[in-house]
Amino acid sequence: MGFTIGGSRSTKEFRSGSRRRGRASECTAVAEYTGLWGWDAVPGARAAAPGRDCSCGHTNCRAPGAHPLDFAPTVPAGATLGEVAEIWDEYAGAAILLPVGRVFDVIEVSEEAGRRALVRLERMGLPLGPVTVTPDGRAQFFVAPGASAGLPQLLYRMGWDDADLDLRALGTGAFLTAPPSDHAGLGPALWLRPPALDCVGGPPQARLLLGTLAYICHRFRR
């Protein structure tokens with residue numbers, strides 16, 4: 001519970017102003033994702049430290065602070081700031097989640113492997129999409145939809161199907177915590193490579209990145 005120092009009126013005004021600034025920041029971020037990059041967004045649950053109790057209220061929640069809120073609507077790609085605010089005001093403080101499998105899939109590796117792979121990929125001049133890092137040490141590369149379903153075949157063709165790789169693909173049904181939202185009560189998700197104009201047309205095909213990602217992951221396993 002909170003306490004006040006000095007007059008309660010100024011404290012209430014400060015808190016109200018902080019909430020308004022927080023909502024404005026959230027709405028601006030969502031509007032950028034929907035309007036500029038063409039991504040859907042969904043209000044998500046939050047988890048509070050130290051017990052990481054989920055804001056959904058379910059005591060047996062399987063993914064505290066890392067799932068969409070029940071009955072929350074999807075903010076569709078193309079939504080304006082005003083349209084975002086109209087929806088998000090109903091879910092103030094919600095995490096920003098991006099549905100995977102619609103405009104992009106995700107290839108996820110350890111953060112250290114992801115950082116090393118990103119440097120190599122940039123030196124090779126390969127096309128790249130956005131990359132996030134989570135507070136629990138995962139790097140998430142945006143790739144074209146279909147990567148999750150096609151990953152086993154791609155790894156087989158590249159000769160990595162028998163390798164023990166810390167690598168997986170996320171597709172339809174998964175959700176990614178978008179910066180600057182808190183992920184699972186552990187801290188904020190961050191951009192390792194933020195979205196840029198070169199990815200407006202969509203992220204790259206997974207096959208262009210997978211060989212390098214698999215090689216770096218294999219070296220880390222060894």
Exercise. Can I216 and V109 be said to form a side-chain contact (heavy atoms from CB on, under 4.5 Å), step by step?
Worked result: CA-CA 10 Å; I216 297 294; V109 299; over 6 Å; no
For this session: Taking atom CZ of R46 as the centre, report whether more than 12 heavy atoms of other residues, nucleotides or ligands fall under 6.0 Å from it.
Result: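 Yes, enclosed.
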Problem set entry | Over 12 non-hydrogen atoms of neighbours within 6.0 angstrom of CD in E90 |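 No, CD of E90 has 12 or fewer neighbouring heavy atoms, counting only those of other groups under 6.0 Å.
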For this session: Decide yes or no on side-chain contact (heavy atoms from CB on, under 4.5 Å) for F141 and V106, but give the supporting numbers first.
Result: CA-CA 5 Å; F141 288 73; V106 167; 5.9 Å; no
Looking only at non-hydrogen atoms, find the nearest pair between [X] and [Y] and report the distance.
| X | Y | value |
| --- | --- | --- |
| H67 | L97 | C-CD1, 3.3 Å |
| P135 | G187 | CG-O, 3.3 Å |
| G114 | A139 | CA-CB, 3.9 Å |
| A41 | V30 | CB-CG1, 3.9 Å |
| A206 | I107 | CB-CD1, 3.8 Å |
| R193 | G129 | NH1-O, 3.3 Å |

Does [X] use its side chain to pair, donor to acceptor, with the backbone of [Y] at less than 3.5 Å?
| X | Y | value |
| --- | --- | --- |
| E83 | T80 | yes |
| D40 | T74 | no |
| D53 | A48 | no |

Exercise. Does any non-hydrogen side-chain atom of F104 lie less than 4.5 Å from one of L98?
Worked result: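 Yes - at least one pair of side-chain heavy atoms lies under 4.5 Å apart.
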Problem set entry | Reported CG-to-OG1 distance for the pair L176 and T132, which is rounded to 0.5 angstrom |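 That separation rounds to 4.5 Å.
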Exercise. Aromatic rings F142 and W191: how do their planes relate, parallel, tilted or perpendicular, breaks at 30° and 60°?
Worked result: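 If you compare the ring of F142 with that of W191, the planes turn out tilted.
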